[in-house]
Enquirer: 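Here it is: the structure, laid out below.
Given the structure is predicted, the values throughout are model-derived calculations rather than measurements.
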Protein chains: 2
Amino acid sequence: MAQRNTWQRERVREALADARGFVSAQTLHASLRDDNTGIGLATVYRALAGLAAAGDADSLQSPEGEALYRACTTQGHHHHLICRSCGLTVEIEAKDVEQWAHRTAALHGFTDAAHVVDIFGLCTPCANKREAERAATA
Amino acid sequence: MAQRNTWQRERVREALADARGFVSAQTLHASLRDDNTGIGLATVYRALAGLAAAGDADSLQSPEGEALYRACTTQGHHHHLICRSCGLTVEIEAKDVEQWAHRTAALHGFTDAAHVVDIFGLCTPCANKREAERAATA
DNA sequence: CCAGAGTTGATAATGGTTCTCATTAGCGTT
DNA sequence: AACGCTAATGAGAACCATTATCAACTCTGG
């Protein structure tokens with residue numbers, strides 16, 4: 001009896017899947033609260049940690065220091081392309097980069113190499129929107 | 001009179017330059033304290049933020065959520081190879097990766113792409129040390 | 001239905017970072 | 001060199017995300 005199925009865990013999983021991009025535990029908890037579930041903050045954290053450990057979600061640190069989580073559709077190692085305006089996330093593969101990372105690490109005598117590779121940018125809709133705003137201001 | 005020169009700011013700059021790799025504001029503050037300077041924690045944070053904003057230092061979030069800073073010796077864009085045990089940092093170039101990042105971003109309609117590429121691993125000394133410890137335990 | 005162990009959730013604790021505000025000290029001016 | 005204006009400082013409080021605590025709860029196998 002190592003792991004039990006609770007509705008709380010399921011709700012967290014659903015909420016994470018519904019989110020377009022990365023969300024913080026706080027945000028997730030807030031939206032679950034709004035859905036009249038009396039779910040506790042600690043539980044959300046535990047569920048997210050569990051999902052991340054199981055490989056069903058991955059996490060990254062936002063520049064503001066918050067931990068962000070996202071449901072993993074692609075199993076295994078992969079990277080992200082993230083819109084810094086709306087949070088839209090695209091999962092990308094980067095075999096070349098993987099190899100480069102390992103090669104570079106080895107070159108400098110580093111072993112047990114892990115790497116962080118993420119690209120932040122503006123997706124087309126957001127770029128257009130920003131352009132429109134700039135035009136309106138001028 | 002927008003910016004003043006204070007010995008505190010200078011000490012922070014020096015301490016950051018002396019550090020081998022990335023250091024946290026806390027660590028930096030602690031070592032400055034040991035040097036019998038009565039410098040305040042808040043001041044260290046302010047100085048670091050200022051350096052980072054001016055481009056004289058760059059910062060990243062450690063997996064533990066701490067903000068780490070490092071003096072930039074290489075001006076311009078570059079990446080890091082960091083020992084997760086001792087903090088030793090090597091600055092690396094990655095022209096290939098730069099191009100890949102831009103190409104990938106463009107491919108998905110993303111513009112204004114920035115990227116985060118850092119490799120964490122164990123440097124040779126730390127790998128050896130860890131090996132020795134494992135041997136001792138067994 | 002029972003018992004026992006994994007879960008939950010309210011709350012306290014932790015720890016890094018930022019804010020407050022009275023005091024200090026650059027720096028241009030006189 | 002002294003003056004005054006204002007940015008900078010620093011001790012501690014405030015903040016906020018995350019984690020630990022622990023009694024109450026609820027799955028699940030028997």
Enquirer: Can you confirm whether B/His108 is buried at NE2, in the sense that more than 12 heavy atoms of other residues, nucleotides or ligands lie under 6.0 Å from that atom?
Expert: yes
Enquirer: What's A/Arg11 touching, base or sugar-phosphate or nothing? Going by heavy atoms closer than 4.0 Å.
Expert: nothing
Enquirer: Quick one: CG on A/Leu28 to OH on A/Tyr45, what's the gap to the nearest 0.5 Å?
Expert: 10.5 Å
Enquirer: Would you mind reading off the distance between A/Tyr45 atom OH and C/dA10 atom P, rounded to a whole angstrom?
Expert: 15 Å
Enquirer: Whole angstrom is fine here: how far is it from CG in A/Leu51 over to P in C/dT7?
Expert: 13 Å
Enquirer: OP1, OP2 of D/dG10 versus side-chain N and O of B/Gln8: anything below 4.0 Å?
Expert: yes
Enquirer: Rounded to whole Å, how long is the line connecting atom CD of A/Glu64 with atom C1' of C/dT17?
Expert: 13 Å
Enquirer: Within the structure shown, what part of the strands sits under 4.0 Å from A/Arg46 by heavy-atom distance: base, sugar-phosphate, or nothing?
Expert: base
Enquirer: Do the ring planes of A/His80 and A/Phe22 sit parallel (below 30°), tilted (30 to 60°) or perpendicular (above 60°)?
Expert: perpendicular
Enquirer: Both B/Thr6 and B/Leu68 contact DNA chain C. Taking the nearest nucleotide for each, which residue is further toward the 5' end?
Expert: B/Leu68
Enquirer: Quick one: B/Gln61 CD to C/dG16 C1', roughly how many Å, whole number?
Expert: 10 Å
Enquirer: For A/Arg13 and C/dT7, give me the distance from atom CZ to atom P, rounded to whole Å.
Expert: 13 Å
Enquirer: Classify A/Gly65 by what it touches in the nucleic acid, base, sugar-phosphate, or nothing, heavy-atom distance under 4.0 Å.
Expert: nothing
Enquirer: Counting side-chain heavy atoms from C-beta on, which of C/dG16, D/dT9, D/dG10 comes nearest to B/Ile39?
Expert: D/dG10
Enquirer: Can you check the B/Leu41 CG to D/dG12 P distance for me, whole Å?
Expert: 12 Å
Enquirer: Check this one for me: any side-chain N or O of A/Asn5 less than 4.0 Å away from OP1 or OP2 of D/dC27?
Expert: no
Enquirer: Would you mind telling me which of D/dT9, C/dT7, C/dA25 lies closest to the side-chain atoms of A/Arg4?
Expert: C/dT7
Enquirer: Output the rounded distance in Å from NE2 (A/His29) to C1' (C/dA10).
Expert: 11 Å
Enquirer: Can you tell me how far the CG atom of A/Leu68 sits from the CD atom of A/Glu66, to the nearest 0.5 Å?
Expert: 6.0 Å
Enquirer: Rounded to whole angstroms, how far apart are CD on A/Gln26 and P on D/dC15?
Expert: 16 Å
Enquirer: Out of C/dT7, D/dA17, C/dG9, which has the shortest distance to the side chain of A/Ala42?
Expert: C/dG9
Enquirer: In terms of the nearest nucleotide of DNA chain C, which residue is placed more toward the 5' end: A/Trp7 or B/Ala25?
Expert: A/Trp7
Enquirer: Could you tell me whether A/Arg13 and A/Asp56 have a side-chain N and a carboxylate O separated by less than 4.0 Å?
Expert: yes
Enquirer: Can a side chain N or O of B/Arg33 be found less than 4.0 Å away from OP1 or OP2 on D/dA11?
Expert: yes
